[in-house]
Amino acid sequence: MTAQELVKKFSEYSTQDATMIELAWNFAKEAHGEQKRASGEMYFTHVYSVADILADFKMDQPTICAGLLHDVLEDTKVTPEILKKEFGDEIFNLVEGLTKIETLKFSSRDEAQAENWRRMILATAKDIRVIIIKLADRIHNMRTLDYLTHEKQAEIAYETRSLYAPLAQRLGMFQIKSELEDLSFKFLNRDEYYQLNAKMQMRYAKREKILEEFKEELDKVMQAAGISYRILYRAKNIYSIYRKMQQQNKPFEEIQDALGIRLITDSIINCYALLGIVHAHFKPVAGSFTDYIAVPKANLYQSLHTTVVSQSGELVEIQIRTDEMHRTSEYGIAAHWRYKLGQAGADRHLDEKLNWLRQWIEWLQDLEGPREFLESFKTDLELEQIFIFTPKGEVKALPLSATPVDFAYSIHSDIGDNCVGARVNSKMARLESELKSGDICEIITRKNSGPKKDWLSFVKTASARSKIRKYLREHGVEE
Ligand code: MN
């Protein structure tokens with residue numbers, strides 16, 4: 001790739017001035033000089049590949065520049081002063097947020113890793129683009145992991161699977177999450193990865209024909225309805241199949257990874273219309289319908305899900321969504337960022353939708369020490385979520401094995417601080433008991449009762465933990 005090619009790609013989606021991109025290109029190229037990657041390639045190839053991925057996400061000019069410059073503070077002689085002087089505060093802050101602190105300052109690698117995550121999350125609180133660049137950086141590192149030692153591969157792949165992939169999922173960046181998971185899987189379980197990949201390719205080759213037939217039939221039915229839509233096949237995520245095999249303790253042959261298609265249309269009303277048409281012509285599987293449009297997932301994901309039986313008796317999973325929902329589900333927060341640019345900051349929904357992220361970061365900031373930070377961070381990123389209802393039917397998403405105390409704090413800190421008991425599905429339950437998805441939980445409060453120190457030993461969310469600590473600190477309770 002050349003600077004001109006990157007500029008051209010950028011200018012296809014943005015009207016922002018691209019001069020700075022060329023400057024950043026030349027500056028980074030010179031700064032990295034003769035540095036090489038483990039593959040023997042010039043280090044600079046990594047740098048512009050990250051910028052290229054950011055252009056795939058259609059990010060703005062400062063983000064592309066920061067992508068080009070993201071390793072200059074860590075790996076070259078360029079000082080913060082020079083970088084700031086040459087590229088200004090905005091780009092400098094992005095790059096600085098991505099720069100690790102020296103490992104030597106910490107007693108262990110774990111601690112260093114935790115502290116670096118904490119720094120990055122704090123930088124993300126100030127500017128969401130920091131985490132988007134970091135994910136692009138990680139995608140490229142994972143794509144080019146072949147040249148490192150097996151030990152180093154495993155270490156990086158493990159961190160990717162346990163932290164970056166769940167984070168991408170939480171940010172709604174589903175495409176990125178899948179790629180990170182599959183690449184980690186490849187390096188962590190090489191044999192299983194290649195075996196499964198081969199089996200899946202065989203299965204999909206057979207199924208393509210079935211899907212073609214189904215698609216034809218669907219097309220006929222849909223065209224009569226006069227609603228504009230398009231059909232997409234669903235990308236496969238090898239790791240998610242593997243996880244299913246582990247969870248259900250079954251071989252690949254017994255895993256029902258259904259045929260999946262997506263129907264993309266232009267409005268929410270038409271999503272429901274398409275759903276009606278699908279159900280009228282194909283028998284839906286009982287209990288398979290989920291409405292993530294009316295009740296979106298915490299990661300902003302929206303779609304209608306249903307499973308129907310095709311003419312030939314195969315189960316077909318169908319996801320119905322608007323174009324906007326589709327972009328959001330692939331690029332998540334990066335897509336929202338883009339809309340915001342297009343509408344000159346008029347996206348009220350962006351703020352609303354990013355609210356959970358801001359709040360989460362706020363709670364994380366309040367935690368003590370990097371270790372506790374990383375622990376809560378991991379728990380909150382758990383892929384599995386449970387949904388708990390208030391007696392009035394309001395729903396809260398919580399991590400697996402969350403307790404009534406977590407639930408109470410998720411409603412309001414006063415309710416958390418003053419909770420003394422809980423009724424789960426109308427029965428009294430202990431505060432440390434684990435909630436299950438679908439539970440209706442009613443919190444019993446008593447004025448000024450205050451949280452107890454031992455709650456810290458069983459709460460699961462960063463929010464509860466941070467609020468309990470805050471209360472104890474303010475009331476002079478020793479931990
Ligand atoms: Mn890098």
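Order of appearance sets the numbers: ligands from 1, and atoms from 1 within every ligand.
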- prompt: Could K467 and D406 be called an ion pair, given the rule that one side-chain N must be under 4.0 Å from one carboxylate O?
  reply: no

query: Are E12 and K8 ion-paired here, with the side-chain N under 4.0 Å from a carboxylate O?
result: yes

query: Are more than 12 heavy atoms from other residues, nucleotides or ligands located less than 6.0 Å from atom CG of N249?
result: no

message: Which label fits F57 and Y331: parallel for a plane angle under 30°, tilted from 30 to 60°, or perpendicular past 60°?
response: tilted

Nearest N/O/S atom of [X] with respect to the Mn ion (ligand 1), by atom name, please.
| X | result |
| --- | --- |
| D137 | OD1 |
| D71 | OD2 |
| H70 | NE2 |

query: Is there an N/O/S atom in H46 that lies less than 2.8 Å from the Mn ion (ligand 1)?
result: yes

